[in-house]
Visitor: 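Here's a structure for you.
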4 protein chains.
Amino acid sequence: MAKTKSIPSLVKDPELVKIRRGQIIRAAVDLFVEKGFHKTTTREIARESGIGIGTLYEYIQSKEDVLYLVCDFIHSDVEQKLDEEMTHGRNGRETLVNAIRYFYRVMDGMQDYVLLIYQEMKSLPGDMLRYVLAKEEEITSRFERILERGIKDGSLVLEPDSVKLMAHNIVVLGQMWAFRRWVLSRHYTLDQYIDHQTSLILQGMQG
Amino acid sequence: MAKTKSIPSLVKDPELVKIRRGQIIRAAVDLFVEKGFHKTTTREIARESGIGIGTLYEYIQSKEDVLYLVCDFIHSDVEQKLDEEMTHGRNGRETLVNAIRYFYRVMDGMQDYVLLIYQEMKSLPGDMLRYVLAKEEEITSRFERILERGIKDGSLVLEPDSVKLMAHNIVVLGQMWAFRRWVLSRHYTLDQYIDHQTSLILQGMQG
Amino acid sequence: MAKTKSIPSLVKDPELVKIRRGQIIRAAVDLFVEKGFHKTTTREIARESGIGIGTLYEYIQSKEDVLYLVCDFIHSDVEQKLDEEMTHGRNGRETLVNAIRYFYRVMDGMQDYVLLIYQEMKSLPGDMLRYVLAKEEEITSRFERILERGIKDGSLVLEPDSVKLMAHNIVVLGQMWAFRRWVLSRHYTLDQYIDHQTSLILQGMQG
Amino acid sequence: MAKTKSIPSLVKDPELVKIRRGQIIRAAVDLFVEKGFHKTTTREIARESGIGIGTLYEYIQSKEDVLYLVCDFIHSDVEQKLDEEMTHGRNGRETLVNAIRYFYRVMDGMQDYVLLIYQEMKSLPGDMLRYVLAKEEEITSRFERILERGIKDGSLVLEPDSVKLMAHNIVVLGQMWAFRRWVLSRHYTLDQYIDHQTSLILQGMQG
DNA sequence: CATGAATGAGTTTTCATTCAT
DNA sequence: CATGAATGAAAACTCATTCAT
């Protein structure tokens with residue numbers, strides 16, 4: 001699992017930090033989704049968090065910190081969901097099919113958050129951006145591992161140097177449901193979408 | 001070809017408007033790519049355009065107008081490039097292969113612009129956003145037409161209701177080269193990328 | 001009749017100056033009444049005048065010049081109307097009664113302009129302001145002369161040092177119909193107003 | 001007493017709001033008197049108030065708010081002064097004479113403020129304007145009540161439907177001392193003015 | 001004489017951040 | 001630890017005026 005950059009806080013009690021940051025993240029996610037990062041003010045974040053503006057700055061150092069916290073939270077949420085569900089299946093191929101279906105459903109439920117990360121990530125300072133990108137890569141690597149398992153057990157046929165690319169394809173086509181939903185959902189249901197994309201991906205992996 | 005929303009200008013001479021807006025767009029594209037829309041100031045746009053801030057506002061009505069002008073310019077540039085090159089090939093299949101290669105190379109050359117549109121589009125006012133999304137769809141539809149041609153001439157095998165999805169796949173996998181370049185280019189050259197993706201797409205289209 | 005300050009013009013043909021300034025004044029009066037002096041732009045004045053912004057500045061030197069032209073025009077209009085009608089009557093008393101009625105009706109018809117002068121006058125540069133105030137005084141002095149005539153012919157009884165004050169009273173109570181119209185007109189018709197004020201004024205002038 | 005529109009403030013402590021707005025009003029009154037509303041900048045208001053520009057906007061929402069605060073302050077000041085002094089006198093007639101003298105002296109002391117309200121009132125947004133006009137009417141109604149008392153106790157003779165008009169006359173002739181002072185003071189002292197106008201008004205109210 | 005494109009000083013307003021309580 | 005009043009740098013946008021054509 002990818003590392004998380006720790007954001008300094010003036011408050012020392014780690015339990016309290018966790019609680020307050022939870023409030024902050026919950027408030028900020030909604031606000032960022034609704035109005036975007038730049039159009040959300042720190043005052044709004046504080047108000048929606050139920051704390052004072054001064055208190056907000058006891059738990060973060062800058063507005064960008066909040067964005068990082070939010071991105072990290074979303075990624076962790078995705079990761080956690082994947083960890084719960086992505087290892088089922090008798091062989092690599094079955095696991096892959098299950099994982100795709102599950103991942104795409106997660107993407108469907110988190111479309112606003114997927115968009116948020118895609119659109120606001122660039123506002124992060126360099127070092128935070130690297131952490132976020134690493135998490136993005138980490139998620140992709142989960143599919144790499146499934147693919148490798150399938151290759152090993154013979155249920156999937158794929159050149160080794162295609163593994164990484166195929167994993168990215170799987171992830172991006174899942175995210176595509178989120179950021180092209182405005183047009184895709186006019187023509188396909190989520191399940192149709194999953195079926196189509198799954199068969200495309202599987203076709204790409206047989207002898 | 002998708003319509004373009006016309007942005008009002010205080011200056012009446014249309015030739016001059018075209019020239020000055022050209023300057024503005026050229027300056028703004030670079031600035032937006034470098035610092036993002038929100039962190040670019042109107043004064044910077046004016047300075048880089050070689051005109052005064054007052055003059056800038058003779059040619060636009062708001063900063064969002066500049067963003068629209070930039071998005072529209074980028075899309076038009078892509079469209080124009082596609083129009084020049086995308087119809088070659090003896091049959092649908094060959095045209096598709098050529099088109100993919102050509103499109104992905106365009107995406108490679110315009111990666112900053114692709115990112116720009118993905119990340120800043122949401123800052124457009126509603127009506128402008130609709131125009132930009134329509135252009136995005138228009139670009140996808142060019143691939144739909146190629147696919148349909150291949151189905152008709154028998155060089156491609158594809159269910160009719162998969163056409164739209166496959167066109168989106170082609171486009172998004174092209175854009176993916178732009179917005180995942182930070183990791184993909186560590187493992188694949190552009191041509192490798194094109195070869196892999198082309199074969200994946202073609203595998204998805206045979207009997 | 002009070003002097004009028006001449007506003008310099010780059011255009012030499014006096015006939016043309018008169019015509020163009022007529023256009024400018026007509027446009028500006030309406031705009032100033034509608035939006036006030038400060039919220040009216042020179043561009044709007046030019047547009048409504050049917051001339052270009054460059055041309056506007058051939059006939060004036062600054063925006064304040066337009067305000068002066070407008071104030072002067074309104075005053076001249078009032079003066080001219082008074083000159084036509086204010087000398088009728090067999091004696092001073094009768095002339096006064098006629099003059100009041102006539103003046104108050106003029107004020108009623110010009111209420112927007114009366115307000116305009118009261119509210120925007122202060123934006124005039126010092127020397128122009130003096131000219132406008134002189135015209136205001138000039139109008140008052142017309143009533144002084146009527147009062148003096150009435151004193152002389154015995155139809156009005158008034159201390160000589162009250163003449164000036166009474167003349168101001170007459171004028172201001174006329175203007176009051178304009179700038180308190182929002183409440184007065186809810187309780188009195190114009191003719192009732194005139195009757196009441198006339199009798200008040202006459203009561204103030206009997207032995 | 002007429003209601004006052006409450007202007008929202010970001011600062012919650014009402015005592016502090018009162019103090020800071022006091023500073024702001026004091027600074028703004030002087031500046032508006034000196035240069036007019038439009039030519040006074042918010043930065044000047046802040047500077048003269050002894051606070052930062054950011055702080056200014058913690059206590060108001062727009063420059064118009066300051067104008068309203070100023071108008072309201074002036075009106076309240078007038079009202080308060082009238083309340084202190086205007087009820088003395090054995091009967092209505094005596095009260096009236098005292099009230100006129102007192103009111104006209106107040107007008108003399110506040111001439112700049114009277115002018116300010118007359119000239120800048122129109123820059124208020126619609127709802128604020130209504131509040132200011134209501135206060136203006138409220139002041140007039142104080143004289144109505146004195147007149148009614150005089151009618152009741154027989155010390156003043158006046159048709160009931162003339163009461164309102166006469167009250168307006170009293171007020172406007174008081175304000176006239178403020179806005180025609182430039183000419184009136186060349187011919188009359190304040191006390192002469194008061195004597196003359198008082199006797200005019202009283203002559204209008206006897207059998 | 002007529003025009004309108006060009007200009008930049010100046011305006012109101014916002015908002016992330018700090019720090020005394 | 002919590003608070004929110006104070007701050008000023010910076011932002012978008014306006015508009016009277018000029019001047020080359």
Side-chain angles (χ1 to χ4, degrees), chain A residues 9-13 16-17 20 38-47 50-66, chain B residues 9-13 16-17 19-20 38-47 50-64 66, chain C residues 9-13 16-17 20 38-47 50-66, chain D residues 9-13 16-17 19-20 38-47 50-64 66:
Chain A
S9 165
L10 292 177
V11 175
K12 293 307 161 207
D13 176 356
L16 190 52
V17 171
R20 290 277 181 274
H38 281 102
K39 294 208 173 149
T40 300
T41 67
T42 51
R43 265 173 158 157
E44 285 172 313
I45 295 170
R47 191 183 331 119
I51 61 178
I53 180 68
T55 310
L56 177 65
Y57 274 85
E58 298 277 306
Y59 294 93
I60 55 155
Q61 309 227 75
S62 74
K63 197 185 168 193
E64 277 73 30
D65 282 359
V66 179
Chain B
S9 165
L10 290 178
V11 174
K12 293 306 165 205
D13 178 358
L16 190 53
V17 171
I19 293 170
R20 289 280 179 275
H38 282 103
K39 295 212 173 145
T40 301
T41 69
T42 52
R43 295 194 112 89
E44 285 172 312
I45 296 171
R47 189 179 336 116
I51 61 178
I53 180 68
T55 309
L56 176 65
Y57 276 89
E58 297 275 299
Y59 293 92
I60 54 155
Q61 310 227 79
S62 71
K63 198 185 168 192
E64 276 74 29
V66 179
Chain C
S9 165
L10 291 177
V11 175
K12 293 307 162 208
D13 177 355
L16 190 52
V17 171
R20 289 278 181 273
H38 282 102
K39 295 209 173 149
T40 301
T41 67
T42 51
R43 264 173 158 157
E44 285 171 313
I45 295 169
R47 190 184 332 119
I51 61 178
I53 180 69
T55 311
L56 177 65
Y57 275 84
E58 297 277 305
Y59 294 93
I60 55 156
Q61 309 227 75
S62 73
K63 198 184 167 192
E64 277 72 29
D65 283 359
V66 179
Chain D
S9 165
L10 289 179
V11 174
K12 292 307 166 204
D13 178 359
L16 190 53
V17 172
I19 293 170
R20 289 279 179 275
H38 282 102
K39 295 212 172 145
T40 301
T41 68
T42 52
R43 295 194 109 88
E44 286 172 312
I45 296 171
R47 190 180 335 117
I51 60 179
I53 180 67
T55 309
L56 176 65
Y57 275 88
E58 296 275 299
Y59 293 93
I60 55 156
Q61 312 227 79
S62 71
K63 197 184 168 193
E64 276 75 29
V66 179

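Proteins get letters first, then strands, A, B, ... in listed order; numbering begins at 1 in each.
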Visitor: Taking the side chain from Lys12(C) and the backbone from Ser9(C), do they hold a donor-acceptor pair closer than 3.5 Å?
Guide: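 Yes, because the side chain of Lys12(C) sits within donor-acceptor range (under 3.5 Å) of the backbone of Ser9(C).
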
Visitor: Take atom CG of Leu10(D) and atom C1' of dT7(F), then tell me their distance rounded to the nearest Å.
Guide: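 Atom-to-atom, Leu10(D) to dT7(F), this comes out as 14 Å.
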
Visitor: Can you give me the first and the last nucleotide of DNA chain E (5' to 3') that has an atom within less than 4.0 angstrom of a non-hydrogen atom in chain A?
Guide: dC15(E) to dT18(E)

Visitor: What residue pairs, at least two apart or across chains, pass side chain to side chain donor-acceptor pair (under 3.5 Å) with a residue in residues 38-47 of chain B?
Guide: His38(A)-His38(B), Lys35(B)-Glu44(B), Thr41(B)-Glu44(B)

Visitor: Using side-chain heavy atoms (C-beta onward) and a distance below 4.5 Å, is Val17(A) in contact with Asp13(A)?
Guide: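 Side chain of Val17(A) against side chain of Asp13(A), heavy atoms only: no contact under 4.5 Å found.
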
Visitor: Report which part of the nucleic acid Thr41(B) touches: base, sugar-phosphate, or nothing (heavy-atom distance under 4.0 Å, all strands).
Guide: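 The residue Thr41(B) makes sugar-phosphate contact but no base contact.
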
Visitor: Taking any heavy-atom pair under 4.0 Å as a contact, classify Arg20(A): base, sugar-phosphate, or nothing.
Guide: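 Sugar-phosphate, backbone atoms only, no base.
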
Visitor: Just call it for Arg43(D): base, sugar-phosphate, or nothing, with non-hydrogen atoms closer than 4.0 Å on any strand.
Guide: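 The residue Arg43(D) makes base contact.
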
Visitor: Please list, by residue number, the residues of residues 54-61 of chain D whose heavy atoms come closer than 4.0 Å to an atom of DNA chain F; answer none if no residue qualifies.
Guide: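 When residues 54-61 of chain D is checked for heavy atoms under 4.0 Å from DNA chain F, the hits, listed by number, are Gly54(D), Thr55(D), Glu58(D), Tyr59(D).
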
Visitor: Would you indicate what Ser9(D) reaches in the nucleic acid, counting non-hydrogen atoms under 4.0 angstrom: base, sugar-phosphate, or nothing?
Guide: nothing

Visitor: Within this structure, what is the NZ-to-C1' distance between Lys63(C) and dC15(F), rounded to whole angstrom?
Guide: 8 Å

Visitor: Ile45(B) has an atom CD1; how far is it from atom C1' of dC13(F), in whole Å?
Guide: 13 Å

Visitor: Ile53(D) or Thr42(C): which one's nearest nucleotide on DNA chain F is closer to the 5' end?
Guide: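 Whichever sits nearer the 5' end wins; that is Ile53(D).
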
Visitor: Could you work out, with side-chain contact (heavy atoms from CB on, under 4.5 Å) as the rule, every residue matching Thr55(C), not counting sequence neighbours?
Guide: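 So Thr55(C) forms a side-chain contact (heavy atoms from CB on, under 4.5 Å) with Ile51(C), Tyr59(C).
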
Visitor: Can you give me the dot-bracket string for DNA chain E, 5' to 3', counting Watson-Crick and G-U wobble pairs with both distances under 3.5 Å, using [ ] for crossing pairs and | for partners on another strand?
Guide: .||||||||||||||||||||

Visitor: For Leu10(A), what residues pass the side-chain contact (heavy atoms from CB on, under 4.5 Å) criterion, not counting sequence neighbours?
Guide: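 Partners of Leu10(A) by the side-chain contact (heavy atoms from CB on, under 4.5 Å) criterion, ordered by chain and then number, come out as Glu58(A).
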
Visitor: Nearest 0.5 Å please: distance from the CD1 atom of Ile19(D) over to the CG atom of Leu16(D).
Guide: 6.0 Å

Visitor: Here's a test of your reading of the structure: between Lys39(B) and Val11(A), which maps to the more 5' nucleotide of DNA chain F?
Guide: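 Between the two, 5'-proximity favours Val11(A).
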
